[in-house]
Amino acid sequence: MHRYFTYKGRLLGVMATRRALKAVLIDLSGTLHIEDTAVPGAQDALSRLRQSSVAVKFVTNTTKECKRNLLERLQSLNFDIKETEIFTSLTAARSLVEQRQLRPLLLVEDSALEDFSGMETSEPNAVVIGLAPDQFNYQTMNDAFRLLVEGAPLIAIHKARYYRRKDGLALGPGPFVAGLEYAADCHATVVGKPQGRFFLQALQDMDCAPEEALMIGDDARDDVEGAQNSGMLGILVRTGKYRVGDEGKINPPPYLTCDSFPEAVDHILLHLLHQT
Amino acid sequence: MAAPSWEDSVKSLKGVILDMCGVLYDAGEGGGTPIPGSVEAVKRLKASDLKLRFCTNETQATREKFVAKLQRMGFLISVPEVFSPSPAAVAILKERGLRPHLLVHDDVVPEFDSVEKTNPNCVVIGDAAEKFSYQNLNAAFRVLVGLEKPLLFSLGRGKYYREGDGLNLDVGVYMKALEYACDTEAEVVGKPAPTFFQKVLDDMGIPPHEALMIGDDLVNDVGGAQVCGMKGVQVRTGKYRPSDEKHPTVMADGYVNNLAEAVDTILKLRGQ
């Protein structure tokens, strides 16, 4: 059996028979809030979602904000969130480094170092690279390169080309990762969204298969496509970085595209909590 | 064992092109030091019947200052014999009426004195070394994304070079970074661009199969020259790494321990 979701006569998504939803992954910036403003109704919608049977986790590609900073911002916007529910690309990088027992040279901003506290970083044998303008000076880039050329693995928090800052566009970590890959003839292991590994890691402690999970985000490629490629459902919201037509840029298209986070929650509560 | 293929062609050789850093001298504190035997090797080539040119991707100094440095090291060399990317880039910019935003080493800026730079409509990137900061790269990026079609010129595309005890990142790495950021492909001025090698050949007035390139960079010196129809020999000095001899796509026509050994072989085979 399939269920078809339509809006004003347009087919939005097709859902095969599936188990009831167990977990919802939620993007932060652009989905719950835009800079220092919450998406209207998002706090309420989160509360309603929490009253249902699903578990929630907040997943984000950040390379310069430790969990504590993210949490403080969300709490100041009156979101009901706990630190343990936040899973970031920094968390993913740390767990990969621990799993491989590496000693990383950390090219991350000071504000992100907290998430790596307690790690062994002397005599580094790996390079972890995030968005770290202060570290992207010639000397530090050379230090990183000299490790890579001796065979140290390169771990990238993510590979975004650029991002929008208040004063205009600014380079993301991607260009620096691409440069180091070229220099040392190597391929970075990317740990953030849209890597399948990232979504699966986020579910790890939730006792939940990908087919029982759903991702809500404003980035068609990084949030929705990434999640859907790893077996989850993906809902694209038309807030944050969303641009008209984004839903058509990925194949298969998003399971659902809706105006904002509260609308996505309504859909979940109405349609996805019971086995179909 | 058969002689390496390049030795067969030595007799019909009319000209030799030498890379400079890593072949003539090693970069390092105080401008660097000559590689043992190289000063004498250049002298012997000059005294032979072979034409000699120098071809460098050096973009940390003007050609004049660079040549003066080599003369102080004892090399018999003059400015017109040296081909470097900056003058070639200036010619292209003028020809196409382009106004560059420069991300280059301070010492090479004077090469671009004669070029209009206000309201830039392209970016020229060279080996800016310490000037490769996030801020400077970002400034270049903003010029590029502000253009209808990003236009990026890279003075060479080297990955790294040896300086003192360590390897340092070269311009190619930052070219790649900007290419990735803007989803574009740079136009390379300098080695390994075929037009760059062709200019050197034109200046010597010989066809590519009568020329030999000697360099320490397998891809840009040797591979670049081979694409143009020249023979390419790699020296085991400078940035040479043993893994170069097992490179997946470029195979040199021969390897020599250093320039002195290459010149010895050439002159011996030619009976000089």
Side-chain angles (χ1 to χ4, degrees), chain A residues 63-64 105 107-111 124 127 129-152 154 156 158-188 190 221 249, chain B residues 60 103 105 125 127-147 150 152 154 157-186 218-219 239 241-244 246-250:
Chain A
T63 76
K64 54 180 185 176
L105 171 70
L107 268 62
V108 299
E109 289 284 79
D110 287 348
S111 56
V127 176
I129 179 170
L131 177 61
D134 293 340
Q135 307 276 350
F136 290 156
N137 57 69
Y138 190 59
Q139 194 47 55
T140 309
M141 286 287 283
N142 273 334
D143 291 343
F145 164 66
R146 289 172 188 180
L147 291 173
L148 298 176
V149 87
E150 296 301 327
L154 177 61
H158 64 77
K159 254 187 111 171
R161 291 176 157 78
Y162 51 84
Y163 69 105
R164 186 168 292 282
R165 236 167 35 183
K166 282 184 182 131
D167 64 344
L169 294 182
L171 292 170
F176 297 88
V177 175
L180 287 172
E181 288 180 321
Y182 173 73
D185 254 325
C186 66
H187 281 288
V190 182
R221 287 207 176 89
K249 288 180 182 160
Chain B
Q60 283 203 6
L103 177 48
H105 199 280
I125 177 175
D127 175 16
E130 301 296 336
K131 276 184 74 187
F132 279 132
S133 64
Y134 180 83
Q135 286 72 17
N136 287 340
L137 211 64
N138 211 31
F141 164 69
R142 286 182 176 183
V143 170
L144 290 171
V145 289
L147 300 172
L152 173 64
S154 187
R157 53 172 300 152
K159 296 180 173 189
Y160 54 86
Y161 51 87
R162 181 170 290 284
E163 185 165 300
D165 286 338
L167 299 176
N168 280 0
L169 294 171
D170 198 357
V171 61
V173 176
Y174 292 90
M175 172 197 83
K176 275 287 164 195
L178 288 174
E179 284 185 340
Y180 180 80
C182 306
D183 230 336
T184 189
E185 203 171 314
L218 181 70
V219 173
K239 74 174 70 170
R241 303 173 71 224
S243 60
D244 289 345
K246 299 176 297 233
H247 194 275
T249 53
V250 182

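A, B, ... follow the sequence lines: proteins, then strands. Residue 1 opens every chain. Atom set for the values below is all heavy atoms of this structure, side chains included, hydrogens, waters and symmetry mates excluded.
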Within-4.5 Å side-chain heavy-atom neighbours: N168(B) and R146(A): yes

Nearest-0.5 Å distance that lies between atom CD in Q139(A) and atom CD in E130(B): 6.5 Å

Under 3.5 Å donor-acceptor, K159(B) side chain and Y182(A) backbone: yes

4.5 Å side-chain heavy-atom contact, R161(A) and F141(B): no

Any L167(B) side-chain heavy atom under 4.5 Å of F145(A) side chain: yes

4.5 Å side-chain heavy-atom contact, F132(B) and N142(A): no

Flag, side chain of R142(B) to backbone of A170(A), donor-acceptor distance under 3.5 Å: no

Short side-chain to backbone donor-acceptor contact, Y138(A) and A128(B), under 3.5 Å: no

side-chain contact (heavy atoms from CB on, under 4.5 Å) between V177(A) and Y180(B), intermediate numbers included: CA-CA 10 Å; V177(A) 175; Y180(B) 180 80; over 6 Å; no

Sub-4.5 Å side-chain heavy-atom contact between D134(A) and Y134(B): no

Side chain Y162(A), main chain N138(B), donor-acceptor under 3.5 Å: no

Top of T140(A), L169(A), N137(A) for chain B proximity - count of heavy-atom pairs under 4.5 angstrom: L169(A)

Top contributor to chain A interface from A181(B), C182(B), S133(B) [non-hydrogen pairs under 4.5 Å]: A181(B)

Option that, when pairs with chain B are counted at under 4.5 Å, heavy atom only, ranks first among K159(A), Q135(A), E181(A): K159(A)

Most contacts with chain A, counted as non-hydrogen pairs under 4.5 angstrom, among D183(B), V173(B), L169(B): L169(B)

Pairwise side-chain contact, L137(B) with F176(A), heavy-atom cut-off 4.5 Å (strictly under): yes

